[in-house]
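Notes for the one structure printed next.
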Amino acid sequence: MGLVFYLISAFAVGGALAAVLLKNLVHAALALTIAFFGLALLFLRLDAQFAGFAQILVYVGAVAILVVFAILLTKGSEVPKDGVFSKSWLAGLAISAGVFAVLAWAVMQAAPSLPNESAVPSVSVNDIGNALMSRYVLPLEIIAVLLTAAPLGAVIVAMHEKAGKQEKLGAPGPGSPRTSSGSWGGDFVSETWETRKN
Amino acid sequence: MPNPLSGYLIVAALIFAIGLAGALTRRNAIMVLIGIELMLNAANLNLIAFWRYGPHPELLTGMMFAIFSIAVAAAEAAVGLGLVISIYRHAKTSDVEQMNRMKG
């Protein structure tokens, strides 16, 4: 429990607070990367080098970029006039404060019986690779299937539904009337889709 | 802090509560997802802390749990943000208070 732990914790918690409180979504996403980076530093301080660098690669590298892309694609960077917090913000705040109070109380109650300072575990990346390929090979394969299926599902969900409908109806010609209002996907998207198809 | 493990657990609880508050109080759907990501990360910090101070760190159980959790969270983020973009295209809003119908 040194000064470094308190500094890194303040970094991570401050980043998380800023991510939740900032009005501009792009700023919130940047604060989120700071929180992820602080958590990665905490992982490194816990002698979990592999998990720490995986955290930096996956969260700071990929998830933050995804969030920024989603913000820019949904015009979320404009601050809404009627506030960024919902009408029931007081209830949400009370629930989260209650959850924190219960968790902190439980940790403080259990603190005397928790294991104290132990020897640094000597775990190399070699050991992690061996464990992944022997004992944890089934979860690894399932994760591989999930990581293949999830981006495909994300692309199919984010792609508009209209294209499939039109193909089912038998590819109407360029002169045929299109009923684009109100259905999934805007005019712009369906037009680019049609030009690509023709 | 009486011992190091409880310090990490308190930090994880704090980040979890902040993420929960963000998911419950923000109106933008992307901010709700950001709150969920913070909660998942707090859980990962708990897993790593218990792995480090647990009785058998050489078995790598908590570490593996955290690594798989990171992978699942990445997949969840991709699908969630894809859903937000799809809903935004349809409803022209990413405000969760205006998304009150499941069908068109």
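In what follows, every heavy atom counts, from backbone to side chain, and hydrogens, waters and symmetry copies are set aside. Each chain gets a letter, A, B and so on, in the order the sequences are listed, and its residues count up from 1.
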Look up atom [atom1] in [X] and atom [atom2] in [Y], then write down how far apart they are to the nearest 0.5 Å.
X	Y	atom1	atom2	answer
L22(A)	H27(A)	CG	NE2	7.5 Å
R27(B)	Q98(B)	CZ	CD	7.0 Å
I36(B)	N41(B)	CD1	CG	12.5 Å
S94(B)	I87(B)	OG	CD1	9.5 Å

request  = Look at the aromatic rings of Y53(B) and Y8(B) and report parallel, tilted or perpendicular, splitting at 30° and 60°.
outcome  =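 Plane angle between 30° and 60°, so tilted.
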
Best-contacting candidate, [options], against chain B by heavy atom pairs under 4.5 angstrom:
options	result
V13(A), I142(A), I95(A)	V13(A)
L66(A), L114(A), V99(A), V123(A)	L114(A)
L146(A), L93(A), I156(A)	L146(A)
A94(A), S86(A), S88(A)	S86(A)

What part of [X] is in contact with chain B, defined as an atom under 4.5 angstrom from a non-hydrogen atom: side chain, backbone, both or neither?
X	answer
I8(A)	neither
I143(A)	side chain
L90(A)	neither
V155(A)	neither
A35(A)	side chain
L147(A)	side chain
F36(A)	side chain
L17(A)	both
L46(A)	both
V84(A)	both

Verify, without hydrogens or angle tests, whether [X] (side chain) and [Y] (backbone) share a donor-acceptor contact under 3.5 angstrom.
X	Y	value
T74(A)	A70(A)	yes
Q49(A)	V125(A)	no
N3(B)	A111(A)	yes

Notebook entry, point to check: Side chains of I34(A) and L30(A): does their closest heavy-atom pair fall under 4.5 Å?
Noted result: no

message: If I measure from the heavy atoms of chain A, does A21(B) come under 4.5 Å with its side chain, its backbone, both, or neither?
response: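 Backbone plus side chain of A21(B), per the 4.5 Å heavy-atom cut-off to chain A.
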
Just so I understand: if I count every heavy-atom pair under 4.5 Å between each of [options] and chain A, which residue has the most?
options	result
L9(B), L20(B), I18(B)	I18(B)
A74(B), A75(B), A23(B), G54(B)	A75(B)
I67(B), I15(B), L14(B)	L14(B)
F50(B), W51(B), F16(B), F68(B)	F68(B)
L59(B), I70(B), D95(B)	I70(B)
V96(B), L60(B), V72(B), L83(B)	L60(B)

Note to self: Can you confirm whether or not the ring centre of F37(A) sits under 6.0 Å from the ring centre of Y59(A)?
What the structure shows: no

Exercise for the section: Evaluate side-chain hydrogen bond (donor to acceptor under 3.5 Å, both in side chains) for N44(B) paired with Q55(A), printing each intermediate quantity in order. Expected result: CA-CA 10 Å; N44(B) 283 346; Q55(A) 165 92 0; 4.7 Å; no

| task | May I have the step-by-step check of side chain to side chain contact (heavy atoms under 4.5 Å, CB included) for T25(B) and M31(B), ending in yes or no? | result | CA-CA 9 Å; T25(B) 61; M31(B) 287 308 298; over 6 Å; no

Is NZ or CZ of R26(B) both nearer than 6.0 Å to the six-membered ring centre of F85(A) and within 45° of the ring axis?
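Yes, cation above the ring, under 6.0 Å and within 45°.
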
